[in-house]
Amino acid sequence: QVQLVESGGGLVQTGGFLRLSCAASGRTFSNHVMAWFRQAPGKAREFVADISTDGSTTSYSYSVKGRFTISRDNAKNTVYLQMNSLKPEDTAIYYCAAGSLWSRQREQYDYWGQGTQVTVSS
């Protein structure tokens with residue numbers, strides 16, 4: 001069982017930055033692929049980024065590649081999402097997720113946090 005708690009969301013202007021954190025409980029954090037998804041009002045939850053168990057491999061959605069960076073610290077049971085050059089279209093609730101398989105499909109992730117709101121003003 002893994003419990004996830006996100007933090008770091010907030011209101012920022014266009015071009016600004018935020019760093020999201022996701023703290024995990026349990027001793028199996030390092031065995032899980034971690035990912036960030038987001039959900040804007042009226043839209044489906046979409047993949048943002050994921051990272052392998054040892055942090056050596058990452059992937060990003062086209063819309064955030066080059067602006068966002070996912071990382072993890074297995075000693076701290078934490079995964080991060082550094083978000084730079086934010087745009088109004090990045091406004092969403094951001095969720096972290098843990099799973100056993102490398103996937104961009106939300107159905108492949110077993111554990112989810114409660115989400116943190118990110119709002120980018122124009």
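Predicted, not measured: the structure shown is a model, and the values here were computed from it. Sequence positions, counted from 1, serve as the residue numbers for this chain.
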Smallest heavy-atom separation, Gly9 atom then Val118 atom, equals CA-CG2, 4.2 Å

Below 4.5 Å, heavy atoms only, C-beta onward: do Met83 and Val64 meet side chain to side chain? no

Might you point out which heavy atoms bring Asp50 and Ala35 nearest each other, and give the distance in Å? CB-CB, 3.7 Å

Surrounding CD of Gln117 (heavy atoms of other residues, nucleotides or ligands, distance under 6.0 Å), is the total greater than 12? yes

Any donor-acceptor N/O pair, Arg106 side chain to Ala97 backbone, under 3.5 Å: no

Within the side chain of Arg104, is there an N or O that forms a donor-acceptor pair under 3.5 Å with the backbone of Tyr60? yes

Tell me whether Phe47 shares a hydrophobic cluster with Leu86, the cluster being built from Ile, Leu, Val, Met, Phe, Trp, Tyr side chains joined at under 4.5 Å. no

Donor-acceptor contact below 3.5 Å, side chain Tyr109 vs main chain Cys96: no

Flag if over 12 foreign heavy atoms under 6.0 Å of CD, Glu107: yes

Are Tyr95 and Leu4 linked, directly or through other ILVMFWY residues, by side chains that come within less than 4.5 angstrom of each other? no

Please check this pair: side chain of Arg67 against backbone of Ser85, looking for a donor-acceptor N/O pair closer than 3.5 Å. yes

Out of curiosity, Ile93 CD1 to Thr116 OG1, how far, rounded to the nearest 0.5 Å? 9.0 Å

What distance do Ile51 atom CD1 and Met34 atom CE have between them, rounded to the nearest 0.5 Å? 9.5 Å

Quick one: do Trp112 and Leu81 end up in the same hydrophobic cluster if we chain Ile, Leu, Val, Met, Phe, Trp and Tyr together by side-chain heavy atoms under 4.5 Å apart? no

Whether the side chain of Glu6 engages the backbone of Gly115 through a donor-acceptor N/O pair (distance < 3.5 Å, no angle test) should be reported. yes

Could you see if Tyr111 belongs to whatever hydrophobic cluster contains Val33? Use Ile, Leu, Val, Met, Phe, Trp, Tyr and a side-chain cutoff under 4.5 Å. no

Between the main-chain N or O of Gln3 and the side-chain N or O of Ser25, is there a donor-acceptor pair closer than 3.5 Å? yes

As an exercise, state the distance from NZ of Lys65 to OG1 of Thr58, rounded to the nearest 0.5 Å. 8.5 Å

Can you check whether Ser63 reaches Arg38 side chain to side chain, under 4.5 Å on heavy atoms? yes

Using atom types as modelled and distance alone, determine if a side-chain donor or acceptor of Thr14 lies under 3.5 Å from a backbone N or O of Ser121. yes

Return the OH to CH2 distance between Tyr80 and Trp36, rounded to the nearest 0.5 Å. 10.5 Å

Using modelled atom types and a 3.5 Å cut-off, is there a donor and acceptor pairing between side-chain atoms of Gln114 and backbone atoms of Val5? no

CD (Gln105) and CZ (Phe37) are apart, to the nearest 0.5 Å, by 7.5 Å

If hydrophobic clusters are built by linking Ile, Leu, Val, Met, Phe, Trp and Tyr wherever their side-chain heavy atoms come under 4.5 Å apart, do Leu20 and Val2 end up in the same one? yes

Taking it one step at a time, do Thr78 and Asp73 satisfy side-chain hydrogen bond (donor to acceptor under 3.5 Å, both in side chains)? CA-CA 5 Å; Thr78 302; Asp73 185 337; over 6 Å; no

Inter-residue atom distance Asn74.CG - His32.NE2, 0.5 Å rounding: 11.5 Å

How are the rings of Phe68 and Tyr94 set to each other: parallel, tilted or perpendicular (split at 30° and 60°)? tilted

